[in-house]
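Have a look at the structure below, then the notes.
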Amino acid sequence: MREPPTNLVARGMAPYPANMNILAQLQQHFHEALADLAGDNLDAGGLTEFADMIRPSQDPKFGDYQANFAMPLGKRLDRPPRDVAAQIVERLNAAPGLGEICLPPEIAGPGFINLRLRDDWIIAQLMHAAADGERLGIEPANPRRKYIIDYSSPNVAKPMHVGHIRSTVIGDALYRILRFLDHSVTSDNHIGDWGTQFGMIIFGYKHFRIQEEYEKYRVAELGRVYRFVNRLVSYFEGKQRLPELKARIKQQEETLARDEAAAIHGDKKAEKSLRQAKRSLDETRSELDELQASLEAVERDGELSAAAAAHPDIGKQVREETAKLHAGDPENRQIWKEVLPVCELEIERLYERLRVRFDHTLGESFYQDRLAGVVQDLLDREIARRSEGAVAVFFDDDNPDAPPFIVQKKDGAFLYATTDLATIQFRINEWHPDVILYVVDHRQSLHFEQLFRTARKWLGVENVELTHVSFGTVLGDDGRPFKTRSGDTVGLFGLLNEAKRRAEEVVFSNDEAKDGERERPAKDTDEVAEAVGIGAIKYADLSQNRTSDYVFSYDKMLAMNGNTATYMQYAYARIRSIFSKGEAELGPISVADTPITLEKPAERALALELLRFGEALAAVVSDYRPNHLTNYLFALANRYSTFYEQCHVLKAETPELKRSRLALCDVTARTLRQGLNLLGINVVEKM
Ligand code: ARG
């Protein structure tokens, strides 16, 4: 533990443990108090669950925190909940420690235990935080764990899409937060630089490249060639799907006719199944319409239709190009070596724009010469077996229908699964992690489930946590997966530029309404617009519960009121402006020496919220959801806003009060700045 801040000691205050996570401290005391209730009906694990049932109170009437385990615990022990609560409270009062933090706990209603923090304790904690610079009193994690985070991980030959931004932004936030808590963290961008997309690029490079264009701007030409091949491949795949879709429609029409007949008799169940049948038919029909439209689009396009006629088995040829690359064909290797850096440069530009860096970028190609060994080892240990020429891991012991994890195809090709197995083995041997996180969209859930099960059988890594940090889809206004107009990387930069352009509009239109400080140097404007625009996009991603889909909307993400980065950045700049007015000089050192007083409820509420920063960070780590932190920052900004409405700062009644309130402002600004920083979002001093 760190030294207690000297100013507290100097004033003779108790050197409270500098653990900023209030909730964790309270839980600790409850664990101890509950310990000897363990017995026949209840083991220690069960007790933990009860001790953890402490929540911040919704209403200050019930104190600051409330423990509400007495009801379920009473039931379990077959005792009146109030008795249980009374026994616990008695124990809490007798044990040392809690009394420093809280006033004596009160029992309310059927057995709630209400906890009210002592003002002097809040003040001491806050002053400790105030004196602690950027760390704000947050203690390093104990135990310290070793994390590997796999995020972003785009397929580099393919244009990146918003889903990759989401992975990048969530992964980067987790990386920053874990690091801030002093965990050991390694980021590894597992780029797809070896898969079928390279077959497409190689095929396109050989058949459709326009050398002049390629020399002028490689990225654009490779992008064009990739999209061209991709459309042709999808064209033929689509044509193959056509008969199947038509057959499905016919079948669904028959079902519908049958259901219609049944529903005439007013049968509720039949009506429900009729509605369902109608919906399914509608869906398949619109799928068919869409497919037909896209096929027609290719056929109408002179260039594409000519290419389609010339390469009717393009799908197979693309696969062959990939296979040749993997087999070491010199020409394909040469092309790969030439185009890979071009692709990488493009994603690098995006990372620069997002201000994201990786410790390692070990893509799929890095593992290629290990794949045969992985498969052999799985066979030797009888974890995988041959089946119809392919090699796969089966999970059919408990479920005969469980899909197999295929690690080698009939034609000898290795798969995404094989590479991921080689990767997990490498990471474990090389970096000895306690945890590996994969920040990848939810459509890959089955893959990771199979990967983790296989890895456990194969590597016996009981003590390594393997987690798929999955996330939902970014949707457009129409409720369908969001696509930039051209659906490519240029589109992704376009997206960031558009956010920046709109950010400038938002910031400046507000300026016009404000006082006369319109004139600002261009560089400043640019910096502000970039921070606000990119911040808005990141925050919109992070403030959603990651598992849900969300609708991409510039207006919402740039709203000046509400749970947005813009609102938080404004709050920050407004606080800073109090200090820049020159009337309030208060550096970090003097902040630490400023005695804080909590006179009004709004001051106390703000102070308490400030102390919850550590709680929010711990919550993020507990389930890898950065929205705990955005929720916290939003609550903090709101508390501040109430405080600012109700308490004069520069015009405070006494100089002491003014200093105390300025200190609250300062810690609030630093917490907002650090909180946003941990989300990868910049603040600006003036907006
Ligand atoms: N490249 C994959 C994609 O774009 C994501 C890779 C995620 N990481 C992993 N180890 N599988 O879908």
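One-based numbering, in listed order, for ligands and for the atoms of each. In this text, all values refer to a predicted model and were calculated from it rather than measured experimentally.
Backbone and side-chain nitrogen or oxygen atoms of H447 are examined, and none is located within less than 3.5 angstrom of a nitrogen or oxygen of ligand 1.
Ring geometry, Y214 versus Y205: the interplanar angle exceeds 60°, so the pair is classed perpendicular (tilted spans 30 to 60°). Aromatic ring pairs are classed by plane angle as parallel below 30°, tilted from 30° to 60° and perpendicular above 60°; the pair H190 and Y367 is tilted.
Among all protein heavy atoms, the one lying closest to atom 5 (C) of ligand 1 is S153 O, 3.3 Å. The single protein non-hydrogen atom nearest to atom 6 (C) of ligand 1 is Y416 OH, 3.2 Å, given as residue, atom name and distance. At the shortest separation from atom 8 (N) of ligand 1 among protein heavy atoms lies D150 OD1, 3.2 Å. Looking at atom 12 (O) of ligand 1, its nearest protein heavy atom turns out to be Q444 NE2, 2.9 Å. The shortest contact between atom 4 (O) of ligand 1 and any protein heavy atom is with H164 NE2, 3.0 Å.
Checked against the 6.0 Å centroid criterion, the rings of Y438 and Y151 do not qualify as a close aromatic pair. Aromatic rings of H311 and F203 (six-membered ring for Trp) have centroids within the 6.0 Å cut-off, being under it.
A heavy-atom separation below 4.0 Å is found between F448 and ligand 1. For V440, the heavy-atom gap to ligand 1 drops under 4.0 angstrom.
L617 has its side chain out of reach of H628: every pair of non-hydrogen atoms, C-beta onward, lies at least 4.5 Å apart. Side-chain contact between P626 and I170 is present, with heavy atoms from C-beta onward closer than 4.5 Å.
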